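This report concerns only the one structure given below.
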Amino acid sequence: ECMAGHLPTRLKGLDEALCGGIPFGVLTELVGPAGIGKTQFCLKLSLLASMPANCGGLDGRVIYIDVESKFRSKRLIEIGINSFPEIFLKKGMAQEMAGRILILRPTSLSEFAESLHQIKVSLLQQQVKLLIIDSMAALVLGERDCGASRQQALGWHVSFIKSLAEFSRIPVVLTNQVRSQIGDESRMYSFQAQSRSIIKDNPATYDSHLVAALGINWAHAVTIRLVLEARSGQRFIKLAKSPISPALAFPFKITSSGMVL
Ligand code: GTP
């Protein structure tokens, strides 16, 4: 059963498995180790959301929460020119497309909360068609306070992000870094009892470090989970959680056109 509204990724098999692309109104999580390509994928999605509708885009603005200052507009334009030359080589278009992406760089959870409130207003007033949070884990792990109050704050943020997705009916994409792509059983199973069910459901995808940082509510809040991993020198994007599709994996490369299958 397909959900209403999608942002096509243009990764053919993945779009088919996702019933058209990244769904509107729910959270989609990109999980993977450092350097696997999560940010590259977010850049591509930003371009796709900002492109004109007659070129298959959503003709909208994008709010990009760039926690680790990894957004590079030069790279964005490079991906645009190589993937969609008919749009990006027109005079002034590359700048116009890049200008549709609003970058926010909160340095703490509380600053992030403030950004979320600003977003709520602009989601209504502007034509925002995609929200990206790169990375959720970095934001949470950057906090000095690690106790129960952080877990409580995090619970609140997760509910708020979910409600933003629901009420604005746009795709919300969050990235999370895991330490290793293949789980180390002994390390994972030594983790606290309440986290065990999640880890058991998804042994290769959730490391204890991430579960500890984001809390157990996190894994349940996301509707779609895409896991990026490398195996024998080949990168894969795996649909690890979906209400409509079985787990499927697609090999991908990162080229001058960004992520391609
Ligand atoms: P972390 O932020 O470290 O967790 O990693 P990430 O998963 O966000 O990785 P990112 O998206 O930054 O991807 C890094 C990979 O993308 C690199 O290993 C390169 O293979 C590739 N990459 C990054 N920039 C370029 C570029 O300008 N050209 C090409 N061809 N590849 C690039």
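Remember, it's a predicted structure, so these values are computed and weren't measured experimentally.
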Do you know which two heavy atoms are closest between [X] and [Y], and how far apart they sit?
X: L47; Y: G80; result: CD1-N, 3.5 Å
X: V67; Y: A138; result: CG1-CB, 4.0 Å
X: P171; Y: L130; result: O-CD1, 3.5 Å
X: V158; Y: A221; result: CG1-CB, 3.3 Å
X: M93; Y: P52; result: CE-CG, 4.3 Å
X: I36; Y: A230; result: CD1-N, 3.6 Å

Criterion side-chain contact (heavy atoms from CB on, under 4.5 Å) on V62 and R100, from CA distance to verdict: CA-CA 6 Å; V62 175; R100 290 179 169 205; 6.0 Å; no
Under 3.5 Å donor-acceptor, [X] side chain and [Y] backbone:
X: D15; Y: T9; answer: yes
X: S245; Y: S242; answer: no
X: S73; Y: L76; answer: no

Measuring only between side-chain heavy atoms, which start at C-beta, is [X] closer than 4.5 Å to [Y]?
X: I63; Y: I132; value: no
X: L123; Y: I170; value: yes
X: T223; Y: P243; value: yes
X: L102; Y: R61; value: no
X: R105; Y: S69; value: yes
X: T175; Y: F41; value: no
X: I65; Y: L174; value: no
X: T28; Y: P23; value: yes

CA sep, side-chain torsions, deciding dist, call: T107, F112, side-chain contact (heavy atoms from CB on, under 4.5 Å): CA-CA 7 Å; T107 57; F112 174 65; over 6 Å; no
Ring centre gap for F24 and H6 strictly below 6.0 Å: no
In Å and rounded to the nearest 0.5 Å, what is the [atom1] to [atom2] distance from [X] to [Y]?
X: K44; Y: F84; atom1: NZ; atom2: CZ; value: 5.5 Å
X: I224; Y: L30; atom1: CD1; atom2: CG; value: 11.0 Å
X: Q234; Y: F252; atom1: CD; atom2: CZ; value: 8.5 Å
X: L58; Y: L45; atom1: CG; atom2: CG; value: 10.0 Å
X: F88; Y: I77; atom1: CZ; atom2: CD1; value: 8.0 Å
X: L239; Y: L248; atom1: CG; atom2: CG; value: 6.0 Å

Cation-pi geometry met for K162 and F167 (6.0 Å, 45°): no
Would [X] and [Y] show up in the same hydrophobic cluster when neighbours are defined by side-chain heavy atoms closer than 4.5 Å?
X: F236; Y: M259; answer: no
X: I133; Y: W156; answer: yes
X: L48; Y: V260; answer: no

Audit row: L164, L131, side-chain contact (heavy atoms from CB on, under 4.5 Å) steps and yes/no: CA-CA 9 Å; L164 273 184; L131 169 61; 4.2 Å; yes
Ring geometry between Y64 and F71 (parallel below 30°, tilted from 30 to 60°, perpendicular above 60°): perpendicular
Stepwise side chain to side chain donor-acceptor pair (under 3.5 Å) check, E29 with N176: CA-CA 7 Å; E29 184 185 29; N176 276 316; 2.7 Å; yes
Under a 4.0 Å N-O cut-off, is there an ion pair linking [X] with [Y]?
X: E229; Y: K238; answer: yes
X: R72; Y: D66; answer: no
X: E16; Y: K12; answer: yes

Residue pair K74, E78: steps toward the salt bridge (Lys or Arg N to Asp or Glu O under 4.0 Å) verdict: CA-CA 6 Å; K74 247 182 104 177; E78 182 193 35; over 6 Å; no
Verdict with supporting geometry, Q126 and S122, side chain to side chain donor-acceptor pair (under 3.5 Å): CA-CA 5 Å; Q126 318 262 345; S122 39; over 6 Å; no
Steps toward side-chain contact (heavy atoms from CB on, under 4.5 Å) verdict (D59, K129): CA-CA 8 Å; D59 204 11; K129 294 289 172 68; 5.5 Å; no
Between R75 and Q40: side-chain donor-acceptor atoms closer than 3.5 Å: yes
